[in-house]
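First the structure, in the form of structure tokens, and then the observations on it.
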Amino acid sequence: MTTSADRDAALPLDSIVDRLQHGEKLWAALPLRDRRDLLSTLSQATQRHAAEWVDVACRIKQLPADSVLAGEEWISGPYAMLTSLAALSESLTALDEGRSPLDGFRVSSAPGDRHAVRVLPHNIFDRLLLNGFTADVWSRPGTSAEELRDTAGLAQRTPAETRGVGVVLGAGNIFSIAPLDTVYELFAHNRVVLLKLNPITDPLLPVFEKIFARFIELGLVAIVSGGTDVGQAAVTHPGIGHVHITGSVKSHDAIVFGAGAEGRARRQRGETLLNKPITSELGGVSPTIVIPGKWSARDLAYQAEHIVTQKLHNNGYNCVASQMLVISSTWEQKDAFIAALRDALANAPGRFPYYPGSDDRCAGAIAAHPGTERIADTDRILLDNLASDDVAFTEEYFGPVLAITYLPGHDRQFLDSAVEFANARLTGTLGANIVVDPRTARRLGAGFTDAIAALRYGTIAVNAWTGVGYLTARATWGAFPGHTIHDAQSGIGVVHNGVLLEHTERTVVRGPFRPFPRSIFTGEFTLSPRPPWFVTNRTAATTGRRLSEFAARPSWAKLPAIFSSALRG
């Protein structure tokens, strides 16, 4: 059987783009109801091939078939895809019925003349499955609630006005990124898509072809593999009108300015090679700010596991992996917490460093910090005693490297200093985490919300990992707005955004400080156990698979099995 990959390999890029341009005409003629039917077809195909997707993902990352870490592939793969398709389908239904996709969502005031849209929980199932977690999308300052409502829907408000052919340069770390970016280009921006896979994900090409089969048949999507030469040809093709990349800022700058010394000189002169718009998600040095308080021994151990998850999920090969831990130098429990952190780093499940250059980046971190050693003979590195101008503040290691920096003070003094440090000293604006016990948060009062508003990050997570924002289909995902191609930092634009909101600034995620059942006895009254994305969760693979099956076809009958697995984790 000849696949679209075989055809694309045999055809010149001109023919692929020509097919997409014909597909654009068909896309322009499709009414919203038919587009929603296509989303349903895509969801059904994702469900049918979800197990194959995860099996291939585990082979790429060299995870044993029975590894609990397969849960990461279920949750950040098919689950993320299925929940996003459901959210988009709901938005298209609203538009088709003459309503705003924002109808039914709680919109409240946020600091600085902003508004907050509560996107999690969205329904009763969210309240049960993610009890204690919330997510709010904040508007940019000065945007009214009416403007948010009237502009929700983005390009689907005028579906006949298509915007040409775009190329999506897929990521090689989280395997839902490329398909989700493809869907977002189609529905948020009304562009048909040439998806160029990252070479790491080439083994997933047959799976993605099956999932997108109907879109490929209609000429709405084409998927190609290959090296940088294929990507460069796609980016520079005259029939391609837009570029979207998920990757490193170095890859972004090579596209925009060219590689090497010549590219750097061109950037300094303010010139570009690229003659078309580009959007991007590029990572950075993500902080976790630990606000000092009085914690129990179990609190110290649990939050150490939490931060190790922020670092070691996918072995640190995440654009939003925590890299810089910000701790009070005068916190009485500082040493006890760092000891718990070392134990959690040592005891987390081992895995293969599948992402290219990982060993070199780890070696570079050690070379730049004499005296640093790996944790318990693992590939994990904890950098302490950083210099005032340390390279760890500006270089994303994209691997199992965690650094600690210290600032003096408690409460508002420490928090304000930490926010200023994160904004001014760290490269990137994709995500920032804050850990704070409920008693300290109450004592900080409105000052705590003001500190969140002052943080210039695209996703901020309080007692949760910013990765939860990635998994929340109706939340926005991307850098803090304001970057340019000459200083891209963590990128330009957002993705996911299942409500199709315009004028957004950030997503704020909140979670419980303690898991169930301890939360019940300490005043939080939340029912969430240790989350399935924790690297220490013993039933993550089973829970992830069951969550994906639920996302495909929500049913009350499926809840007991999910709860049973989650509580055993």
Side-chain angles (χ1 to χ4, degrees), residues 111-112 138 284-295 299-300 303-304 306-308 310-311 320-338 340-341 382-396 401-467 469 479-480 489-490 505-511 513:
W138 286 18
V285 177
S286 294
T288 296
I289 298 169
V290 180
I291 301 177
K294 289 186 177 181
W295 298 3
D299 292 338
L300 291 167
Q303 291 302 335
H306 187 189
I307 289 169
V308 165
Q310 296 173 9
K311 174 73 277 179
V320 77
S322 180
Q323 178 167 309
M324 187 59 56
L325 195 56
V326 186
I327 298 179
S328 170
S329 60
T330 53
W331 183 26
E332 293 82 355
Q333 294 181 292
K334 165 176 61 71
D335 293 338
F337 179 67
I338 294 173
L341 188 72
L382 186 63
L383 305 179
D384 208 340
N385 301 314
L386 301 181
S388 59
D389 59 347
D390 204 277
V391 66
F393 298 153
T394 56
E395 181 176 333
E396 180 186 11
V401 180
L402 181 64
I404 303 176
T405 193
Y406 302 93
L407 298 172
H410 287 70
D411 291 350
R412 190 63 188 269
Q413 176 195 0
F414 170 78
L415 181 56
D416 288 348
S417 296
V419 168
E420 181 181 2
F421 168 82
N423 285 341
R425 301 291 304 282
L426 302 182
T427 295
T429 65
L430 186 61
N433 312 282
I434 302 174
V435 177
V436 59
D437 66 88
R439 181 181 300 175
T440 302
R442 286 193 296 270
R443 188 166 63 245
L444 287 165
F448 185 64
T449 305
D450 291 341
I452 292 174
L455 268 173
R456 296 193 295 271
Y457 285 83
T459 299
I460 298 168
V462 180
N463 293 335
W465 177 36
T466 46
F480 195 79
Q489 294 274 324
S490 290
E505 182 185 69
R506 71 182 83 194
T507 288
V508 178
V509 177
R510 294 176 184 263
F513 180 74

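Here the straight-line distance linking atom CG of D299 with atom NZ of K294 works out to 13.5 Å at 0.5 Å rounding.
Scanning all heavy atoms of the two residues, the minimum distance from N463 to G511 falls at CB-O, 3.2 Å. Looking at every heavy atom in both residues, I434 comes nearest to I452 through CD1-CG1, 4.4 Å. Minimum heavy-atom separation, F480 to L455: CE1-O, 4.3 Å. Heavy atoms only, all atoms of each residue included: A392 and V285 are closest at O-CG1, 3.5 Å. Between A422 and P287, the shortest heavy-atom contact is CB-CG, 4.1 Å. Smallest separation of non-hydrogen atoms from A464 and R510: CB-C, 4.4 Å.
Between W138 and P111, some side-chain heavy-atom pair lies under the 4.5 Å cut-off. Residues Q303 and F513 have side chains in contact (heavy-atom distance under 4.5 Å, counting atoms from C-beta outward). By the 4.5 Å heavy-atom criterion applied to side chains, L341 and V308 are counted as neighbours. A heavy-atom distance below 4.5 Å is not found between the side chains of T440 and F448. For the pair V320/T459, no side-chain contact is recorded, criterion being any heavy-atom separation below 4.5 Å from C-beta on. For the pair T405/M324, a side-chain contact is recorded, criterion being any heavy-atom separation below 4.5 Å from C-beta on. With a 4.5 Å cut-off on side-chain heavy atoms, Y406 and T330 do not count as touching. Side-chain atoms of L426 and F421, non-hydrogen and from C-beta on, do get closer than 4.5 Å to each other.
Not less than 6.0 angstrom separates the ring centroid of F414 from the ring centroid of W331.
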Tell me, with the steps shown, if Y457 and N433 meet side chain to side chain donor-acceptor pair (under 3.5 Å).
CA-CA 10 Å; Y457 285 83; N433 312 282; over 6 Å; no
